[in-house]
Amino acid sequence: MSKTSANAVLSLNEAIKNAFKKAMGNGLLPEAEIPAFIIEAPANRANGDLATNAAMAGARVFRMPPIKIAQAVVESINLEGTLFERCEAAGAGFLNFFFKKEYFAEVLAEIEEKGEDYGNSDFGQNKKYMVEFVSANPTGPMHMGNARGGALGDCLAAVLSKAGYDVYREFYVNDAGNQIEKFANSLEARYLQLYIPETPFPEDGYQGGDITDRAKEFAEINGDSFVNAEIADRKKALVDFALPKNIAKMQADMKKYRIEYDKWFFESELHNCGKVKEIIDLLTQKGLTYEKEGALWYKNTEILTKKYLEQGKTQDEIDKLELKDDVLIRANGNPTYFAADIAYHKDKFDRGFDTCINIWGADHHGHVMRMKGAMDAIGYNGDKLDIVLMQLVKLMQGGEIVKMSKRTGKAIQLSDLLDEVPVDSTRFMFNTREANTQMDFDLDLAVTQDNQNPVYYVQYAHARICSIFRNLEADGITKRSCTKEELTLLKESEELELIHHLAAYTDEIVASAQNYDPTRITRYVTTLATLFHKFYNAHRVKCGEESLTQARLTLCGCVKAVIKNVLTMFNVSCPDKM
């Protein structure tokens with residue numbers, strides 16, 4: 001929470017404890033140990049700014065009805081030196097507290113003092129967190145799931161950083177293994193078909209038009225010189241030509257999407273430096289592998305059964321999961337993707353990360369426990385690997401699902417979306433729904449420049465405040481620093497509601513980081529915009545009293561600062577005019 005709010009809660013906590021002691025000393029309550037209690041904001045601010053369950057929590061130890069305990073606390077409490085003006089007992093034993101007007105002045109003063117740092121905290125204690133997201137297969141273009149994963153992952157990393165974590169962004173490039181072999185086979189077939197039309201296409205090949213395009217580009221440079229080359233040489237030449245182009249396109253798309261990674265980690269590195277072999281040897285040494293049908297298998301069933309039993313599942317519940325063992329090395333001698341993935345996650349923890357977060361598609365659900373179990377199996381803590389599963393995205397236009405790009409006539413790719421929709425809208429709108437919910441992305445709404453578009457609505461609130469400042473400056477009124485006494489002139493309900501919301505920003509950042517849910521912040525800033533518009537429509541900033549005008553300019557400036565704080569954190573532009 002903000003420094004002002006934190007200090008208010010600490011002082012209130014102490015005042016409540018002292019009230020219990022005084023009530024016991026005066027005979028209003030029997031001698032007993034002070035119960036543990038919580039202090040929180042009530043759902044309805046009409047019931048107070050903060051409330052506690054202290055009286056209800058004390059019913060057992062004091063052997064009294066909560067309402068009588070609450071009345072004893074009210075009679076005994078001393079709020080002098082706190083930011084609270086009064087305490088009331090209500091209902092069956094609630095204790096409600098109301099802020100002094102000085103509290104609201106303190107909140108605004110803190111925001112003005114901290115500026116762009118407002119909302120920062122040391123909650124994360126500088127722990128090293130890696131967020132790995134998108135990690136698209138480089139054998140083809142990125143799609144809508146990658147668009148959503150990119151926005152969620154990048155904004156989650158931003159929120160974690162704001163909450164005091166040392167955050168590292170990484171993209172894992174699957175440039176080795178079975179998918180690259182399929183890539184090579186597909187490119188080879190499309191290349192040969194340019195000169196030998198009857199060349200068959202592999203049944204499991206990649207059918208996308210991008211494969212044909214890359215084969216044609218290769219042919220434009222090399223002609224038919226590889227038609228009669230050795231198969232291995234032809235495939236290598238095609239992959240060496242096409243794969244760097246695909247990866248460069250992915251990197252360009254991410255940059256256009258305003259995502260910068262600390263590292264693009266290539267799977268091939270794990271194979272080339274022997275780390276995949278090392279992990280297979282380690283699992284074998286631990287007795288967790290066996291050979292069958294010419295392949296090397298990992299005892300996934302044994303490992304996960306043990307993990308589930310430790311978690312309290314029954315054997316019948318585990319049996320229903322139909323666990324299966326995994327192949328580590330195929331009969332042809334090639335390691336599987338799963339083997340490389342274990343090596344990759346081991347490498348992450350070896351680099352010193354306290355927690356590793358992966359943003360995965362919901363179709364990877366079955367892979368979550370396998371990877372956590374594998375980390376446990378090699379002596380690492382699988383609970384430090386956290387997976388955010390992301391549901392599917394449907395593109396909508398005119399109330400109908402869109403599957404093909406009007407521009408290319410092909411399946412819509414991330415690059416198509418970024419050509420059609422402003423990046424501001426794309427990043428913001430993908431952060432309006434939690435990862436675990438399916439999402440309809442409305443193309444019509446995303447390009448609309450009115451208040452129905454959520455990012456436009458928030459940006460407009462910022463631009464409106466900038467306009468207020470410009471217009472008043474034209475009238476000879478310039479914002480100046482206010483005294484705290486002047487800020488206490490803000491007492492209208494719309495003003496106090498705004499300040500309450502501003503005070504909650506730091507708490508929202510922390511909650512967003514704790515829950516791996518950056519959508520909390522888009523909801524927060526949207527509500528902030530709504531509350532500002534409500535205030536603006538109810539009250540004139542320029543009024544008859546100069547001090548009140550300046551206090552309202554300070555309030556506007558604080559709202560402006562927090563909106564800019566959020567939009568900048570999420571790499572969304574913050575225009576001064578619209």
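- Counting only heavy atoms from C-beta outward, the side chains of Lys306 and Asp376 never approach each other to under 4.5 Å.
- In this structure, the separation between CD1 on Ile16 and OG on Ser76 is 12.5 Å, given to the nearest 0.5 Å.
- Taking the side chain as every heavy atom from C-beta outward, Phe37 and Lys17 approach each other to under 4.5 Å.
- Residue Ser481 comes nearest to Glu486 through the heavy atom pair O-OE1, 4.3 Å, listed as atom of the first residue, atom of the second, then distance.
- A side-chain donor-acceptor contact under 3.5 Å links Thr549 to the backbone of Cys543.
- The backbone N or O of Arg370 lies less than 3.5 Å from no partner atom in the side chain of Lys307, so there is not a single donor-acceptor pair.
- Between atom CZ of residue Arg464 and atom CZ of residue Phe469 there is a gap of 14.0 Å, rounded to the nearest 0.5 Å.
- Atoms NE2 and CD, from His539 and Glu492 in turn, are 4.5 Å apart once rounded to the nearest 0.5 Å.
- Pairs engaging residues 552-564 under the side-chain hydrogen bond (donor to acceptor under 3.5 Å, both in side chains) rule: Glu495-Arg552 [sequence neighbours left out].
- Using modelled atom types, one side-chain atom of Thr522 and one backbone atom of Asn431 make a donor-acceptor pair closer than 3.5 Å.
- Counting heavy-atom neighbours within 6.0 Å of Lys68 NZ, excluding the residue itself, gives a total of 12 or less.
- Closest approach of Leu108 to Cys558, counting heavy atoms only: O-SG, 3.6 Å.
- Aromatic ring orientation, Phe349 versus Tyr380: tilted (interplanar angle from 30° to 60°).
- Heavy-atom minimum distance, Leu79 versus Ala15: CD2-CB, 4.4 Å.
- Here the CG atom belonging to Asp424 is positioned 9.5 Å from the SG atom belonging to Cys574, to the nearest 0.5 angstrom.
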- Task: Run the numbers on Ser425 and Asn453 for side-chain hydrogen bond (donor to acceptor under 3.5 Å, both in side chains), then give the verdict.
- Result: CA-CA 8 Å; Ser425 283; Asn453 182 335; 3.2 Å; yes

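- Looking at Val388 and Leu152, their side chains never come closer than 4.5 Å, going by heavy atoms from C-beta outward.
- Remark: Glu508 engages Arg520 in a salt bridge, criterion side-chain N to carboxylate O under 4.0 Å.
- With hydrogens and angles disregarded, no donor-acceptor distance shorter than 3.5 Å links the side chain of Asp154 to the backbone of Gly150.
- No donor-acceptor distance shorter than 3.5 angstrom exists from the side chain of Tyr129 to the backbone of Ala157, with no hydrogens or angles considered.
- In the displayed structure, Glu33 atom CD is contacted under 6.0 Å by at most 12 heavy atoms of other residues, nucleotides or ligands.
- Looking at Phe94 and Met56, their side chains come closer than 4.5 Å, going by heavy atoms from C-beta outward.
- By the 6.0 Å contact criterion, CD on Glu88 is enclosed, its count of non-hydrogen atoms from other residues, nucleotides or ligands being greater than 12.
- Atom CZ of Phe84 sits in a crowded spot, with more than 12 heavy atoms from other residues, nucleotides or ligands closer than 6.0 Å.
- For the pair Thr526 and Thr432, the minimum side-chain heavy-atom distance is 4.5 Å or more.
- Ion pairing between a basic and an acidic side chain is recognised when a charged N comes within 4.0 Å of a carboxylate O; Lys484 and Glu106 show such pairing.
- In this structure the side chain of Glu546 reaches within 4.5 angstrom of the side chain of Arg480, judged on heavy atoms.
- Contact check on Asp316 versus Lys320 returns no salt bridge, with no Lys/Arg side-chain nitrogen under 4.0 Å from an Asp/Glu carboxylate oxygen.
- Within 6.0 Å of the NZ atom in Lys384, the count of heavy atoms belonging to other residues, nucleotides or ligands does not exceed 12.
- Between Leu445 atom CG and Asp450 atom CG the span is 8.0 Å, to the nearest 0.5 Å.
- For the pair Ala92 and Pro66, the tightest heavy-atom approach, listed with the atom from each and the gap, is O-CB, 3.3 Å.
- With contacts defined as side-chain heavy-atom distances shorter than 4.5 Å, the pair Met439/Phe430 qualifies.
- The neighbour count for Lys128 NZ, taken as heavy atoms of other residues, nucleotides or ligands under 6.0 Å away, is above 12.
- Annotation for Arg258 and Arg427: closest pair O-NH1, 3.5 Å, computed over non-hydrogen atoms.
- In terms of modelled atom types and a separation under 3.5 Å, the side chain of Thr52 and the main chain of Ile38 share a donor-acceptor contact.
- Checked by atom type and distance alone, the side chain of Asn537 pairs as donor or acceptor with a backbone atom of His533 at under 3.5 Å.
- Legend: residues meeting side-chain hydrogen bond (donor to acceptor under 3.5 Å, both in side chains) with Asn471, ordered by chain and number and at least two apart, are Ser467.
- Tyr103 meets the ring pair (Phe, Tyr, Trp, His ring centres under 6.0 Å) test with Phe99; sequence neighbours excluded.
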Only distances under 3.5 Å count here; give the side-chain donor-acceptor pairs of residues 357-365 to other protein atoms, sequence neighbours excluded, each with its distance to 0.1 Å.
unit_1 : atom_1 : unit_2 : atom_2 : d
Asn358 : OD1    : Lys348 : NZ     : 2.8
Asn358 : ND2    : His345 : NE2    : 2.8

**Request:** Applying side chain to side chain contact (heavy atoms under 4.5 Å, CB included), run through Tyr168 and Asp166 and close with a yes or a no.
**Result:** CA-CA 7 Å; Tyr168 192 88; Asp166 180 5; over 6 Å; no

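- Nearest heavy atoms, Ala147 versus Tyr257: O-OH, 2.7 Å.
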Derivation and outcome, side chain to side chain contact (heavy atoms under 4.5 Å, CB included), residues Gln550 and Ile477: CA-CA 9 Å; Gln550 287 296 332; Ile477 300 173; 4.0 Å; yes

Begin from the C-alpha positions of Thr519 and Arg523 and carry the test side-chain hydrogen bond (donor to acceptor under 3.5 Å, both in side chains) through to its verdict. CA-CA 6 Å; Thr519 66; Arg523 290 194 294 274; 3.0 Å; yes

| said: Evaluate Met144 against Leu417 for side chain to side chain contact (heavy atoms under 4.5 Å, CB included), listing each step before the verdict. | reply: CA-CA 8 Å; Met144 287 304 99; Leu417 183 68; 3.8 Å; yes

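- No close placement of the Tyr456 and Phe428 rings is indicated, their centers lying 6.0 Å or farther apart.
- Below 30°, between 30° and 60°, or above 60°: for Tyr165 and Phe123 the angle between ring planes is above 60°, a perpendicular geometry.
- No side-chain N or O of Tyr118 forms a donor-acceptor pair with one of Asn565 less than 3.5 Å apart.
- A heavy-atom distance below 4.5 Å is not found between the side chains of Phe104 and Thr488.
- Judged as a side-chain contact (heavy atoms from CB on, under 4.5 Å), and not counting sequence neighbours, Leu392 has no contacts.
- By the side-chain hydrogen bond (donor to acceptor under 3.5 Å, both in side chains) test, Asn96 pairs with no residue at all, sequence neighbours left out.
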Go through Tyr505 and Ile111 one step at a time and tell me if the side chain to side chain contact (heavy atoms under 4.5 Å, CB included) criterion holds. CA-CA 10 Å; Tyr505 179 52; Ile111 296 172; over 6 Å; no

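- The neighbour count for Glu80 CD, taken as heavy atoms of other residues, nucleotides or ligands under 6.0 Å away, does not exceed 12.
- To the nearest 0.5 Å, the span separating SG on Cys356 from CE on Met371 amounts to 11.5 Å.
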